[in-house]
Amino acid sequence: MSREFNVAGPCSPEKHYMLDAISRLGEVLPLIDGEKYFIIHAARQSGKTTFLREMTKKLNQSGKYYTLYCSLERAQGMDDPSKGIPAIMRCIKSAVRMSQIPKNIPFDVDTTNNDSDSLLFESLLDLCSLLDKPLVLFFDEADCLSGLTMISFLRQLRNGYITRSDSPFVHSLALVGMLNINEYKMQYRSESETLGTASPFNIVAESLTLQNFSKEDIAELYAQHTADTKQQFDPEAVELVWQQTQGQPWLVNAIAREAVEKILKSDYSQVVTSQIIEQAIQNIILRRDTHIESLLARLREKRIRKILQPIILGEIAKIDYSSDDFLFTRDLGLIRKNDGKLEFANQIYAE
């Protein structure tokens with residue numbers, strides 16, 4: 001089966017053209033070895049899940065750790081911890097079942113337990129005490145948690161972190177999603193008047209982000225297709241993709257897929273020219289593919305419009321670069337600073 005340009009879900013090296021995911025965020029390994037808890041944030045469809053799956057595989061193969069990839073998407077929208085924490089536990093239970101943790105080590109958590117304030121902490125404590133290697137946990141879609149479930153989740157992780165010298169707990173942990181640490185803090189502040197206890201965020205050592213592809217990365221990705229099929233990309237076509245996307249991973253893949261499969265109908269004898277790339281870009285914009293549709297949905301949010309409207313109107317001086325709204329819009333990958341100038345993240349988004 002030939003490989004293809006992927007525009008849906010995580011990449012697989014057997015099925016998709018892809019770059020080395022781990023090299024995009026090499027600083028993660030020292031953090032894990034250093035027993036750190038940290039955040040990875042990046043815009044939607046930028047390769048987070050692909051990175052996490054590849055890193056999980058690499059760490060497990062190293063033999064140093066048991067590593068779990070755990071998506072929390074099933075716990076989305078459960079503000080009440082009595083429902084949210086058990087949902088999180090079911091996510092972890094599924095991750096354990098699919099992991100390399102020996103099957104004779106129990107993780108049969110009673111999710112009907114009403115003590116949601118300690119269920120996560122005690123369950124991970126029990127699991128780690130039975131393991132013969134440290135546990136590394138990647139919580140994907142962590143920012144889908146909300147309300148008091150989010151607070152309870154973070155607080156129980158903090159409790160485990162600060163007592164690790166007395167009792168085994170998770171060796172290293174990453175919260176992964178679109179949002180940076182400031183957004184987690186905003187979630188906490190909204191409840192702070194009634195909670196009245198220590199911030200659950202003071203254990204986070206780093207906040208990292210996945211960078212977009214470079215122009216060289218785009219050329220390397222397209223060269224994989226050329227190696228498989230002999231179909232050529234004009235240098236001008238690669239340059240145009242770089243200019244229009246600034247390396248946003250979904251756009252880079254979607255444009256190539258549109259050009260190769262839709263416009264040229266997988267006729268690999270034809271060269272992908274800059275004219276073909278221009279047509280592919282317009283098709284994607286006009287068709288309003290999922291990525292574009294989610295972008296349009298974001299533009300309807302008041303806090304996003306508050307930042308983007310001054311850019312459109314040439315009133316950038318009105319933007320507070322230290323505000324949570326600005327940081328939120330930037331972290332979603334909608335805007336960037338280029339040579340000191342604030343602008344849309346790429347020309348396709350601008351259009």
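Being a predicted model, the structure only gives us computed values, none of them experimental.
- More than 12 non-hydrogen atoms from other residues, nucleotides or ligands lie less than 6.0 angstrom from NZ of Lys133.
- Taking the side chain as every heavy atom from C-beta outward, Ile255 and Asn253 never approach each other to under 4.5 Å.
- To the nearest 0.5 Å, the span separating OG1 on Thr209 from NZ on Lys48 amounts to 8.5 Å.
- Interatomic distance, CD of Glu141 versus OG1 of Thr49, reported as 6.0 Å (0.5 Å rounding).
- In this model, a donor atom of one side chain and an acceptor atom of the other lie less than 3.5 Å apart for Tyr66 and Asp132.
- Proximity of Met78 to Met150: side-chain heavy atoms (C-beta onward) are nowhere separated by under 4.5 Å.
- Rounded to the nearest 0.5 angstrom, Ile304 CD1 and Lys306 NZ are separated by 11.5 Å.
- Two residues are said to be in side-chain contact when any heavy atoms from C-beta on lie closer than 4.5 Å; Phe139 and Phe153 meet this criterion.
- Thr149 places no side-chain N or O within donor-acceptor distance of the main-chain N or O of Leu145, the cut-off being under 3.5 Å.
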Can Phe138 and Tyr69 be said to form a ring-ring contact (aromatic ring centres under 6.0 Å, His included), step by step? CA-CA 5 Å; Phe138 294 133; Tyr69 166 82; 8.0 Å; no
Taking it one step at a time, do Val260 and Tyr268 satisfy side-chain contact (heavy atoms from CB on, under 4.5 Å)? CA-CA 8 Å; Val260 169; Tyr268 301 140; 3.8 Å; yes
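- The stretch residues 92-105 participates, sequence neighbours left out, in these salt bridge (Lys or Arg N to Asp or Glu O under 4.0 Å) pairs: Lys93-Asp108.
- Looking only at atom types and distance, the side chain of Asp126 has no donor-acceptor partner in the side chain of Ser129 under 3.5 Å away.
- Applying the salt bridge (Lys or Arg N to Asp or Glu O under 4.0 Å) rule to pairs touching residues 245-272 yields Arg257-Glu261, Glu258-Arg287, sequence neighbours excluded.
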Residue pair Phe213, Thr245: steps toward the side-chain contact (heavy atoms from CB on, under 4.5 Å) verdict: CA-CA 9 Å; Phe213 296 158; Thr245 69; over 6 Å; no
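- Listed by first then second residue, pairs satisfying side-chain hydrogen bond (donor to acceptor under 3.5 Å, both in side chains) with a partner in residues 53-62 number zero, not counting sequence neighbours.
- Gln243 CD: more than 12 foreign heavy atoms inside a 6.0 Å radius.
- Looking only at side-chain heavy atoms (C-beta outward), Leu173 and Leu175 come within less than 4.5 Å of each other.
- Contacts classified as side-chain hydrogen bond (donor to acceptor under 3.5 Å, both in side chains) and involving residues 337-349 (residues at least two apart or in different chains) are given here: His291-Tyr349, Arg336-Glu343, Asn338-Glu343.
- The shortest distance between side-chain heavy atoms of Ile281 and Leu251 does not fall below 4.5 Å.
- Classification of the His225-Phe5 ring pair by plane angle, with boundaries at 30° and 60°, yields tilted.
- Without hydrogens or angle criteria, Ser123 side chain to Leu120 main chain gives no donor-acceptor distance under 3.5 Å.
- Annotation for Ala345 and Gly333: closest pair CB-O, 3.1 Å, computed over non-hydrogen atoms.
- Annotation for Arg3 and Asp228: closest pair NE-OD2, 3.0 Å, computed over non-hydrogen atoms.
- Across Ile307 and Ser323, no two heavy atoms sit closer than the pair CD1-OG, 4.4 Å.
- Residues Glu14 and Ser12 have side chains that bring a donor and an acceptor to within less than 3.5 angstrom of each other.
- In this structure, Ser172 and Leu31 have side chains that are not in contact, with every pair of non-hydrogen atoms separated by 4.5 Å or more.
- Between Ala21 and Thr50, the closest heavy-atom pair is CB-CG2, 4.1 Å.
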Below 3.5 Å, can you tabulate the donor-acceptor pairs from side chains in residues 271-278 to any protein atom, sequence neighbours excluded?
residue: Thr273; atom: OG1; partner: Gln275; partner atom: N; Å: 3.4
residue: Thr273; atom: OG1; partner: Gln275; partner atom: OE1; Å: 3.3
residue: Thr273; atom: OG1; partner: Ile276; partner atom: N; Å: 3.3

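- Within the 3.5 Å criterion, the main-chain N or O of Glu236 finds no donor-acceptor partner in the side chain of Asp234.
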Using side-chain contact (heavy atoms from CB on, under 4.5 Å), reason through Ile39 and Val176 one step at a time and then give a plain yes or no. CA-CA 6 Å; Ile39 283 176; Val176 186; over 6 Å; no
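- Note that CD of Glu122 is 11.0 Å distant from OG of Ser167, once rounded to the nearest 0.5 Å.
- Taken from CG in Leu125 to OG in Ser118, the straight-line distance is 10.5 Å, to the nearest 0.5 Å.
- Side-chain N or O atoms of Arg330 include none that pairs as donor or acceptor with a backbone N or O of Asp325 at under 3.5 Å.
- Judged purely by atom type and a 3.5 angstrom limit, His171 uses its side chain to pair as donor or acceptor with the backbone of Ile32.
- Between Phe169 and Phe121, the ring-plane angle classifies as tilted under the 30° and 60° cut-offs.
- Counted within 6.0 Å of CD on Glu73, heavy atoms from surrounding residues, nucleotides or ligands total 12 or fewer; the atom is thus considered open.
- Ile312 and Ile285 end up in the same hydrophobic cluster when Ile, Leu, Val, Met, Phe, Trp and Tyr side chains are linked at under 4.5 Å.
- With contacts defined as side-chain heavy-atom distances shorter than 4.5 Å, the pair Asp79/Leu148 does not qualify.
- Note that CG of Leu124 is 7.0 Å distant from CG of Leu157, once rounded to the nearest 0.5 Å.
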Taking distance alone, no hydrogens or angles, what donor-acceptor pairs closer than 3.5 Å link side-chain atoms of residues 214-221 to residues at least two apart or in another chain?
residue: Ser214; atom: OG; partner: Glu216; partner atom: N; Å: 3.4
residue: Ser214; atom: OG; partner: Glu216; partner atom: OE1; Å: 3.4
residue: Ser214; atom: OG; partner: Asp217; partner atom: N; Å: 3.0
residue: Ser214; atom: OG; partner: Asp217; partner atom: OD2; Å: 3.2
residue: Lys215; atom: NZ; partner: Glu239; partner atom: OE1; Å: 3.0
residue: Asp217; atom: OD2; partner: Ser214; partner atom: N; Å: 2.9

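- Gln156 places a side-chain N or O within donor-acceptor distance of the main-chain N or O of Ser116, the cut-off being under 3.5 Å.
- Between Leu135 and Val170 the shortest heavy-atom distance is O-CG1, 3.5 Å.
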Output, in order, the C-alpha distance, side-chain angles, deciding distance and verdict of side-chain contact (heavy atoms from CB on, under 4.5 Å) for Glu351 and Ile348. CA-CA 5 Å; Glu351 184 169 338; Ile348 295 176; 5.8 Å; no
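- Between Leu29 and Leu59, some side-chain heavy-atom pair lies under the 4.5 Å cut-off.
- The two residues Ala142 and Leu72 have their closest heavy-atom pair at CA-CD1, 4.0 Å.
- The backbone N or O of Val7 sits less than 3.5 Å from a side-chain atom of Trp250, completing a donor-acceptor pair.
- In terms of hydrophobic clustering, with Ile, Leu, Val, Met, Phe, Trp and Tyr side chains grouped at heavy-atom distances under 4.5 Å, Met18 and Leu25 are assigned to different clusters.
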